[in-house]
Amino acid sequence: MGVQATVVFADLSDSTAFFETLGNEKATATITRLTQWIGAICEAHRGRVVKMLGDGVLAVFERPVDAADAVIQMQRGHRIRLEQWPQPLRMEIKAGVASGDVVEVDGDCYGDAVNVAARLSDLAGGSEIWATQSVVDGVDDGHGLRFRSLGSVTLRGKVEPLTLFKVEWEEDIASDFLTQQAVLARPAAGDATVLSRIQLQHLDLSLSFHARELPVHLGRNEHAEIVVNDPRVSRLHARIEVRSGGFVLVDLSSFGTWVRFSGSDSDIALRRDECQLHGSGEIALGVPHGDVSAPTVAFTINGSTQR
């Protein structure tokens, strides 16, 4: 028998690079202290830690507002810590929050809310908190929490799109920014007729996607459509989607994404930002094109090089 609960999945970004820099022993000790601290924050806000998952923490809360308060305090406390760390060692926290029916079996938790929270943590950029509409609906307006709509997003494995929100935890964000809609919605069927295809090539892999098949993801995660195995690449580093008749690249990473269009010598730098793709060019993941070792994905739009 399930119960209504709010699930938090908090994860440390790019821990692989952290291990490579510090070595296994020191990195393991540091990450263990961080996940224990994350767990303590959850418990201080009336949450229950279900389990530690390497560099992640799964916790459940009775009230959405307690879960939101916990992840906000988590991000603010970790931001202070990061200011004292050397740049190569900075692991950011990413969190997903979802409310719904949760089933507990032998101390573990199962259910759609658990799966969605984990997926949102994967999709969120470093230092971001993504939440479902059900979480926002469960927070009283008078509590003072701020949410920015991300529009409707279709998660892998779900038929219907979910309305998602970004929890704004930084205290110096201007209020007018919070009213802007960062529309990440899947395109209407009519948009797909405007464009043809986008071809993506990385090393010896070359794949072509029709506009109706988007969004597609680039990253180190095995579930990404374009897998780029490089420690500088985030697990889900970037997303390409269709919006208003155009292909849009959205950076989801910790270290950034760079776009260089064919015929240009300059890069467009994206840090959890986005730009519209046109013609052809290259996308550099984790480091700019100026680094000869940069992992890149070439793109061509509208099938101008279709085979």
Side-chain angles (χ1 to χ4, degrees), residues 1-13 15 31 34-78 92-140 143 145-150 152-169 184 221 223 235-236 252:
M1 190 72 180
V3 296
Q4 287 294 305
T6 298
V7 179
V8 166
F9 192 94
D11 193 22
L12 295 168
S13 66
S15 60
I31 290 175
L34 276 174
T35 53
Q36 288 174 342
W37 174 79
I38 290 172
I41 293 290
C42 293
E43 291 171 348
H45 288 82
R46 292 173 286 278
R48 180 175 68 84
V49 175
V50 177
K51 57 185 173 181
M52 304 287 189
L53 299 166
D55 56 2
V57 177
L58 174 65
V60 293
F61 298 76
E62 289 187 8
R63 303 195 308 161
V65 67
D66 292 332
D69 281 342
V71 287
I72 288 172
Q73 183 174 333
M74 205 182 290
Q75 293 288 19
R76 290 176 177 171
H78 192 55
E92 298 175 294
I93 294 175
K94 318 185 309 175
V97 190
S99 293
D101 198 47
V102 174
V103 177
E104 297 192 27
V105 179
D106 296 330
D108 206 346
C109 288
Y110 304 89
D112 188 56
V114 178
N115 298 332
V116 170
R119 182 70 174 134
L120 296 190
S121 178
D122 276 342
L123 292 174
S127 298
E128 288 186 350
I129 305 164
W130 284 24
T132 59
Q133 177 80 60
S134 56
V135 174
V136 176
D137 290 344
V139 176
D140 187 271
H143 197 73
L145 298 187
R146 301 172 300 176
F147 304 92
R148 181 167 66 115
S149 175
L150 296 172
S152 297
V153 178
T154 301
L155 301 182
R156 185 173 300 151
K158 296 190 70 67
V159 176
E160 296 296 327
L162 296 178
T163 300
L164 302 180
F165 294 82
K166 181 180 175 183
V167 182
E168 300 292 0
W169 57 269
L184 307 184
N221 192 303
H223 299 299
R235 282 177 295 180
L236 284 176
L252 306 170

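For this chain, numbers begin at 1 and follow the sequence in order.
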Query raised in the report: Is a side-chain donor or acceptor of Lys94 paired with a backbone partner of Glu128 at a separation under 3.5 angstrom?
Result: no
Requested in this report: Side-chain contact test, heavy atoms from C-beta onward, threshold under 4.5 Å: evaluate it for Val114 versus Leu58 and give yes or no.
Outcome: yes
Query raised in the report: Of the non-hydrogen atoms in Val97 and Ile129, which two are nearest, and what is the gap between them?
Result: CG2-CG2, 4.0 Å
Query raised in the report: Checking Ser13 side chain against Glu92 main chain: does a donor-acceptor pair fall under 3.5 Å?
Result: yes
Requested in this report: Would you confirm whether Ser121, through its side chain, and Ala117, through its main-chain N or O, come within 3.5 Å as a donor-acceptor pair?
Outcome: no
**Report entry** Heavy-atom pair of closest approach, residues Thr6 and Ser99
**Finding:** OG1-OG, 2.6 Å
Query raised in the report: Nearest heavy-atom pair of Ala95 and Ala124: which atoms, and what distance?
Result: O-CB, 4.3 Å
Report summary line: In this structure, CD of Gln133 is separated from CG of Leu162 (nearest 0.5 Å) by 10.0 Å
Requested in this report: Apply salt bridge (Lys or Arg N to Asp or Glu O under 4.0 Å) to Arg46 and Glu62, showing your working.
Outcome: CA-CA 8 Å; Arg46 292 173 286 278; Glu62 289 187 8; over 6 Å; no
Query raised in the report: About how many Å separate NZ of Lys166 and CZ of Phe147, when rounded to the nearest 0.5 Å?
Result: 13.5 Å
**Report entry** Distance in Å, Met74 CE paired with Asp69 CG, rounded so as to fall on 0.5 Å steps
**Finding:** 11.0 Å
Query raised in the report: Where do Gly54 and Thr35 come nearest, in terms of heavy atoms and distance?
Result: O-CG2, 3.8 Å
**Report entry** Aromatic ring pairing His78/Trp37, orientation class (parallel under 30°, perpendicular over 60°, tilted between)
**Finding:** tilted
Query raised in the report: Within the distance-only criterion (no hydrogens, no angle test), does the side chain of Trp169 pair as donor or acceptor with the backbone N or O of Ser127 below 3.5 angstrom?
Result: yes
